[in-house]
Amino acid sequence: MAEVGVQTGRRRRHEGIVIGDDWPGYSLDLFSYPAHYSGDLDCVIVPHGVIMDRTERLARNIMDDLGDHHIVVLCVLKGGYQFCADLVDQIKALSCTSEHTILMRVHFIRLKSYLNDQSTEDLHILGAEDLSFLTGKNVLIVEGIVGTGKTMETLLKHVEAFRPKMIKVAGLLVKRVQNRSARVPDYVGFEIPNRFVVGYALDYNEYFRDLNHICVISDSGKKKYKI
Ligand code: HPA
Ligand code: MG
């Protein structure tokens, strides 16, 4: 019985906080958000404060696993910038207050594959031409969202070619999609339904990065910012 409990705990930790398909989200009226997006959103799916609390715990898990290592944080722009900044802040805070510390270097790469709400085949990786400084290093890839997993798979292959000592992946959001291709991140904030979400640096055609909460975009929001 105890064994089952341990396994369940591990599984839960791996999935992160699971948000079910039937979860209607919070009404936008319950939160503050920029007036320029009124009518463009259906609901708040993860409020900003909850993101911060979950990120604090992920930093603790990372510290428990990697404490006293040197790591290179590979921030996947643009969608990962806010999560990466907050996660690095939390790890820094823990490094100041606990016996264990993690020395971090932070590097940025940029991926682009989405047009409107669809993943396109041509994935562009910018700033990743020469990652030879990753050879023999412990790498923590930080992603805002993992959708189909194709982006993650391409990026992992690219990074693995430089033969780092270890690669861990932190993803704030993982979508529940069928036929997931790549591995699930080692550190997951939330597992969410397969809906298009924006906010906390996640965009729809570059809009909505200036929104604190993670929200579901409305049909009229998609139409308004379609290209
Ligand atoms: N929102 C923003 N960017 C994304 C998403 C999403 O739901 N899925 C994959 N990239
Ligand atoms: Mg995007």
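Here the structure is a predicted model, which is why all the values come from computation and not from measurement. Scope of the values below: all heavy atoms of this structure, side chains included, with no hydrogens, waters or symmetry mates. We count ligands from 1, going down the list as the structure has it; atoms in each ligand are counted the same way.
- For a distance threshold of 2.8 Å, the protein N, O or S atoms nearer than that to the Mg ion (ligand 2), listed by chain and number, are Asp203 OD1.
- A salt bridge between Lys78 and Glu206 is present, with a side-chain N of the basic residue lying under 4.0 Å from a carboxylate O of the acidic one.
- With respect to Phe83, the side-chain contact (heavy atoms from CB on, under 4.5 Å) criterion is satisfied by exactly one of Ile51, Val88, Leu58: Leu58.
- The ring-ring contact (aromatic ring centres under 6.0 Å, His included) test applied to His69 returns no partner, not counting sequence neighbours.
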List below, pair by pair, the N or O atoms of ligand 1 and of the protein that are less than 3.5 Å apart, including the distance to 0.1 Å; reply 'none' if no pair qualifies.
from	atom 1	to	atom 2	distance (Å)
ligand 1	1 (N)	Val197	O	2.5
ligand 1	7 (O)	Lys175	NZ	2.8
ligand 1	7 (O)	Val197	N	3.0
ligand 1	8 (N)	Lys175	NZ	3.3

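- The list of side chain to side chain donor-acceptor pair (under 3.5 Å) pairs with a residue in residues 161-173, not counting sequence neighbours, is empty.
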What's the verdict on salt bridge (Lys or Arg N to Asp or Glu O under 4.0 Å) for Asp53 and Arg57, showing C-alpha distance, side-chain angles and the deciding distance? CA-CA 7 Å; Asp53 290 338; Arg57 179 56 198 256; over 6 Å; no
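- A side-chain donor from one of Asp65 and Tyr187 sits under 3.5 Å from a side-chain acceptor of the other.
- Inspection of the Tyr207 and Asp40 side chains reveals no N or O donor paired with an N or O acceptor under 3.5 Å.
- Residue Ala59 comes nearest to Leu87 through the heavy atom pair N-CD1, 3.9 Å, listed as atom of the first residue, atom of the second, then distance.
- In terms of heavy-atom proximity, Asp210 sits nearest to Tyr37 at OD1-OH, 2.5 Å.
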